[in-house]
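Encoded as structure tokens, the structure appears first; notes follow it.
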Amino acid sequence: MTKKYDAIIIGAGVIGSPIAYELCKMGYKTLNVDKLPDAGEGSTAGSCAIVRAHYSTEDGVALAYEGFKYWLDWENYLDNVKDEKGLAKYMNTGSLLIKSQGHKWQNVKKHYDSVGVQYKELTNDEIMEMIPVMDLHEFWPVRRPEDSNFWDEPTKMLEGGLYCPEGGYVNDPALSAHNIMRAAEAKGGEFMFNAEVVKIRASEGKVQGITLADGTEIDAPVVVNAGGPHSFKINQMAPGVWEGCNIKTKALRHEVMYCPSPEGYDYLNDGYHHSDGDIGRYTRPEAGNLFLVGSEDPECDPQQWVDPDEFYAGKGGPGRDNQLTEAQWKAQCYRLGRRIPSLEVPNQPKGVVDLYDCSDDWIPIYDKSDLGGFYMAVGTSGNQYKNAPVVGRLMAELIDAVEKGLDHDAEPYQFTMKYIGRKLDLGFFSRKREINYDSSFSVNG
Ligand SMILES: Cc1cc2nc3c(=O)[nH]c(=O)nc-3n(C[C@H](O)[C@H](O)[C@H](O)COP(=O)(O)OP(=O)(O)OC[C@H]3O[C@@H](n4cnc5c(N)ncnc54)[C@H](O)[C@@H]3O)c2cc1C
């Protein structure tokens, strides 16, 4: 018997799960299908789960600020659902954007003002009071340790930073997706695991449903691609969808390192999230009093575009090609060592490797497609974890409006953000847009 649903969502990560949850609240009968064994086990599990408001566009800042409010209101958002695994926890550390040539921080400040993000401008002295282990010399431009100028003595000082008291990280990103799955199930949503979608069936310009690797066919008038780093493969399965996107997506390998906090500095309990374009790194506290160090994709760092099927086949360990590369380990840790001279870089690399589902301009695609009933929440580009609950809402409203007849390409859906009370023109995330050159073309979005 072919089963029927109102909407099938491909993927049960932190993006697919909230789309189901919001559609269920609107009365849709949904099914999430994921080839992994549980919710959030894909790239969501490798996320640094940092929640911060600084983006290079005003809409990006607004979406992140709205997303932040959902994390603060987590139990209410989940409608107080019980999860046998417990609830993910949002840790509000505060977030420091260091003013540097590596960020267009003046634009960020302008966007903070227009969106109403709370922030304070800090001098170097004020930063040193908060983070006494820092050296606030300017090290620009970002270099690799193999560059003969890497260890040059700096001569200039930085010019302070923008500090947001609102910002931090979520302690367990996979668990957060699991929490949302439980909330969706409580509203009637169904989830199917260890089930790989191999075909998207369509007829007369309308999606009909999906076919799984074991031949099972499941029908629905709405199918949503929330396949994370596999998004381009799923778009290529759906007739006309890939060709109809002006902005494409592909999978980028990304390494995140752990370094112990210097002796005497309790980064875990007293630390902040930092974004530091001067040395191309971002940092947040990690359990065990560690610095978690990611790269902000400076030009000198090589980009590794990969086949997600090969990566998740697990060349280096179960479920992942999780081998840190020595050169990148050194680059990220030595750069942090310049900013924090008392940092002791351990000999053994430790960290996480996972994939970004990267769009051409590092801004996501939240849109319909050229195939009737087929939608995309893709291209999250290493920077949309924080936005996932609000993305669930905006996608559900978009789907509902288009299914009821809205011509979203001609007249883009205007989404109202419930916490910050702003309108967001969803045309901003269109697959048909030209590349947005206001973007940082990095994880900063
Ligand atoms: C290392 C790293 C650090 C990051 N740090 C941050 C951060 O600090 N802050 C932030 O905001 N964002 C961050 N991000 C980005 C954020 O984590 C992602 O945007 C988000 O997790 C993507 O969620 P997703 O649901 O789209 O993808 P996924 O979690 O990958 O889910 C997609 C799911 O689709 C399934 N799937 C794929 N193909 C098929 C198929 N054919 N059939 C069935 N199922 C399929 C997969 O199994 C997977 O479970 C980071 C990302 C990475 C990789």
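In listed order, ligands and their atoms are each counted from 1.
The closest protein non-hydrogen atom to atom 40 (C) of ligand 1 is Val197 N, 3.8 Å. Considering only non-hydrogen protein atoms, atom 45 (C) of ligand 1 sits nearest to Lys35 CG, 3.9 Å. In terms of protein heavy atoms, atom 49 (O) of ligand 1 is closest to Asp34 OD2, 2.6 Å. The shortest contact between atom 20 (C) of ligand 1 and any protein heavy atom is with Val14 CG1, 3.8 Å. Protein heavy atom in closest approach to atom 26 (O) of ligand 1: Ile15 CG1, 3.4 Å. The protein atom (non-hydrogen) at minimum distance from atom 52 (C) of ligand 1 is Tyr356 CE2, 3.4 Å.
Neither the backbone nor the side chain of Ser381 comes within 4.0 Å of ligand 1, counting heavy atoms alone. Here Ala49 has backbone heavy atoms under 4.0 Å from ligand 1, and that is the only part of it that gets that close. Counting heavy atoms under 4.0 Å from ligand 1, residue Val51 does not touch it at all. If you look at Ile234 next to ligand 1, the close heavy atoms, those under 4.0 Å, all belong to the side chain.
Set against the non-hydrogen atoms of Gly13, the atoms of ligand 1 under 4.0 Å away are 25 (O), 29 (O), 31 (O). Remark: ligand 1 atoms within the under-4.0 Å shell around heavy atoms of Leu355 are 53 (C). Under a 4.0 Å criterion applied to the non-hydrogen atoms of Gly46, ligand 1 contributes the atoms 1 (C), 2 (C), 3 (C). Shown in contact with Ser43 at under 4.0 Å from a heavy atom are these atoms of ligand 1, numbered in order with element: 22 (C), 27 (O), 28 (P), 29 (O), 30 (O). Against a heavy-atom cut-off of under 4.0 Å, Val33 is close to the following atoms of ligand 1: 43 (C), 44 (N).
In this structure, the ring of Tyr356 has its center less than 6.0 angstrom from the ring center of His254. Taking the six-membered ring for Trp and the full ring otherwise, Tyr163 and Tyr272 have centroids separated by under 6.0 Å.
In this structure, Phe191 has no ring pair (Phe, Tyr, Trp, His ring centres under 6.0 Å) partners at least two apart in sequence or on a different chain.
Considering both main-chain and side-chain atoms, Ser47 comes within under 3.5 Å of ligand 1 through a nitrogen or oxygen pair. At a 3.5 angstrom cut-off on N or O pairs, Ile50 counts as close to ligand 1. For ligand 1, the polar-atom distance check against Tyr312 finds no nitrogen or oxygen pair separated by under 3.5 Å. Some N or O of Thr380 is nearer than 3.5 Å to an N or O of ligand 1, by distance alone.
For the side-chain contact (heavy atoms from CB on, under 4.5 Å) with Asp360, the lone residue among Ile435, Asn246, Thr249, Asn436 that qualifies is Ile435.
Under a 4.0 angstrom heavy-atom cut-off, Ser17 registers as lying outside contact with ligand 1.
Taking the ring centre of Tyr419 as origin, the terminal cationic atom of Arg422 falls outside the region bounded by 6.0 Å and 45° from the ring axis.
Every pair passing salt bridge (charged side-chain N to carboxylate O under 4.0 Å, His left out) that includes a residue from residues 91-102 is listed here, sequence neighbours excluded: Lys99-Glu121.
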